[in-house]
Amino acid sequence: MFWKKKKQDDEENTPKMGLLQKLAMRKLEKMDPKEREKLMQKALSPENIAKNKDKILATMEQMKESGQLTDEQIKMAKEKLGL
């Protein structure tokens, strides 16, 4: 049916996420662009990154093992985050 095809397209374009992650992603997508930018600046502040460095690196390794990220993407992310 026509709605199943759309659902399959969405699943192909988005990584596998849990229920809470999907809800958070939807909320973020519906958020005002200025508010979203402010939230991202707060989340990606150097203090916050340093505080959660071990969690960020562990998540990157999990994403690498599951095939969501390549070595090159991880290298770029580490450079941008200063890890």
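No experiment lies behind these values; they were computed from the predicted model shown.
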Acceptor/donor pairs from residues 73-83 side chains to any protein atom, 3.5 angstrom cut, sequence neighbours excluded:
{"residue": "Q73", "atom": "OE1", "partner": "T70", "partner atom": "N", "Å": "2.9"}

Distance-only check: which donor-acceptor pairs under 3.5 Å involve side-chain atoms of residues 50-64, not counting sequence neighbours?
{"residue": "N52", "atom": "ND2", "partner": "N48", "partner atom": "O", "Å": "3.2"}
{"residue": "N52", "atom": "ND2", "partner": "N48", "partner atom": "OD1", "Å": "2.9"}
{"residue": "T59", "atom": "OG1", "partner": "K55", "partner atom": "O", "Å": "2.8"}
{"residue": "K64", "atom": "NZ", "partner": "D71", "partner atom": "OD1", "Å": "2.9"}

Donor-acceptor list for residues 27-40 side chains, cut-off 3.5 Å, not counting sequence neighbours:
{"residue": "R36", "atom": "NE", "partner": "L28", "partner atom": "O", "Å": "3.0"}
{"residue": "R36", "atom": "NH2", "partner": "E29", "partner atom": "O", "Å": "3.3"}
{"residue": "R36", "atom": "NH2", "partner": "M31", "partner atom": "O", "Å": "3.0"}

